[in-house]
Amino acid sequence: MTSSVCTRFAPSPTGDLHIGGVRTAIFAWLTARHHGGKFFIRLEDTDQERYMPGSARRILETFDWLGIQLDGGPDHASLRQMKTDEDYAGALADGSYKGISGPFVQSQRLPLYQQWAEWLVEHGCAYRANETPEELERMRAAVIERKEVWNFREEMRLRTDIDPAQPHVIRMRVIPRDGITQLHDLVKGDVAFENANTDDAVLLKADGYPTYHLANVVDDHLQEVTHVIRGDDWLSSAPKHILLYRYFGWELPQFAHVPNVLGEDGRKLSKRHGATSVFEFRDQGYLHEAVINFLAMLGWAPGEGDEQNVFTADELIEKFSEEHIGSSPAVFSYSKLDWLNGVHIRRLPPAELAERLLPFVEQAGLKFDTPEAQARFRQAIPLIQERIKTLRDAAGLIDFIFTDIETPAKQALIGQKMDQAASLAALRETKALLEQLPVFDEAPMEQAMRTLAERLHLKAGQLFTIVRNAVTGKSVTPPLFGTISVMGRETALQRLERAIRVLSE
RNA sequence: GCCCUCAUCGUCUAGUGGACCAGGACACAGCCCUUUCAAGGCUAAAACACGAGUUCGAAUCUCGUUGAGGGCACCA
């Protein structure tokens, strides 16, 4: 048994991280942390055609935002200092971090793959071939025509006298041909594959780059990965990897093939279901705490009768267990994410919430250019904290405090079961009351207003509703008196005066 | 077509042969609280895909059926 757990997340640099990929990463990270082990990322950029510049940066930024610390890779502090795409890419191309051997970009490790591919050839576990893609296509078509199973085998080679100096590929031999290759998967259990169904896959491409099969095995071994946690679309090729470990004589890691994330229609989650990139969630005002919590519970539950739903990252680390990852695909529920986001927002200290809210409310057009406006913004936080589901929701709840409102229509200023005259009188009394209120705070204001309602023989709701409309221009707002208090006496009186004028006509 | 995987309320799940006429959470509905909106509390409705076995007893084990997902590249 290995002494220390090490897991990795190995994305291809083809764009922003998909939320499903992030979930896999979270499972890998939690596995490592739960066992006090290490976690790193490795860029699988062996397909030159699909490479997207800037991916290293996007991926590193994702983990930075999530608050997931990498052991193999730059830490949060150094990430913050980086400026250009090259800085980020360079950080991953670096030698090693915390004892995990880099580089963490496969294109920087080419000699390793070439060396081990040659090793396999020398030891009879692989061979050279040089059929062109067109030739292979023709062979495949012919086989399928005969309704036979297409599986490349050594004896199918068109040419056997291959000059190692000329372009060619290296393919693995499947040994033994008629055996069975089994694996014990942490989430799928025991799975068996007939070797007859495993083809002589290309390990090293003609361009000198490895395929995934070779690269992941070589890297995972060299980087001492103990738990290979990846999407279950890899399950079918797992026997190839097992065979390779066996050929090399390397100890097998544990495997955990985690199921896909589905959209609400039961299909694989994609753009048409809504947001899929982590950054979209971030930009829509989701907290990283909520995203981690939600994703972790998508396909995992603490089990053993534990019915906890809301977790901090530390709680997840403590309770996580890779054996409890569910084996069936899970549907991504936006409404549950919304709920969890609200929960985590409510858990934030108000000052912290204000901090996170700032970019969002500014983006919505609210400006706090004076210290006084900033103070008002901070005071408004407790009023909205339990009313927002995403950081984006805040602006719409408090905009009227910071920007002018349209004077409400007469209709909105006449109370339930009240006539115009009574409403007018009520607003005048309110204005007088607010003018004289010694301390412009929520509690004394509410008390005074309740007394006023009584004196006018009005129900509190009747009075408050028209005052709300007059002062905020809205019928739905955060608690009235707290809001008025934050807004300040001057603004409130002005707006009341305008409303009074409307009713006086 | 072949191979692999999966199958409990609408959704995420608990459940590993008896404690389950199946528990929790989200969403939905109603009620309470209440100045609106939230938050909170309470209540309701809601599931073991189907069919055979094994067993005194099955959501749990076996087989089959159906459905869904994934793989079958010099992509990862």
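Here is the naming used below: chain letters follow the sequence lines, and residue numbers restart at 1 for every chain. Computed from a predicted structure; not experimentally measured.
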Atom CG of A/Leu340 and atom P of B/U13: how far apart are they, to the nearest Å? 13 Å

Base, sugar-phosphate alone, or nothing: which one does A/Ala192 contact when heavy atoms must sit under 4.0 Å apart? sugar-phosphate

Is it the case that the side chains of A/Ser107 and A/Asp45 hold a donor-acceptor pair, with the cut-off being a distance below 3.5 Å and no angle test? yes

Checking contacts here: which listed nucleotide (B/C74, B/C3, B/C26) is nearest the side-chain heavy atoms of A/Pro133? B/C74

Any base atoms under 4.0 Å from A/Lys240, or only sugar-phosphate, or nothing? Heavy atoms, all strands. nothing

Looking just at side-chain N and O atoms, do A/Asp393 and A/Thr390 make a donor-acceptor pair shorter than 3.5 Å? yes

Establish whether the base of B/A27 is bridged to the side chain of A/Lys336 by a donor-acceptor pair shorter than 3.5 Å. no

Looking at B/C3, B/U36, B/C12, which one has an atom nearest to any side-chain atom of A/Asn197? B/C3

A/Asp233 CG to B/G71 P, in whole Å, measures 6 Å

Within the 4.0 Å heavy-atom criterion, would you say A/Ala206 contacts the bases, only the backbone, or no part of the nucleic acid? base

What's the closest nucleotide to the side chain of A/Asp47 if the choices are B/A76, B/C74, B/C12? B/A76

Under 4.0 Å, counting only non-hydrogen atoms across every strand here, what does A/Ser327 touch: a base, just sugar-phosphate, or nothing? sugar-phosphate

Which residues satisfy the ring pair (Phe, Tyr, Trp, His ring centres under 6.0 Å) test with A/Phe402, sequence neighbours excluded? A/Phe368

Criterion salt bridge (charged side-chain N to carboxylate O under 4.0 Å, His left out) on A/Arg455 and A/Glu429, from CA distance to verdict: CA-CA 10 Å; A/Arg455 182 153 63 73; A/Glu429 294 271 9; 3.3 Å; yes

Base, sugar-phosphate or nothing for A/Pro210? Non-hydrogen atoms, less than 4.0 Å. sugar-phosphate

Name the closest nucleotide to the A/Ser12 side chain, picking from B/C12, B/U13, B/A76. B/A76

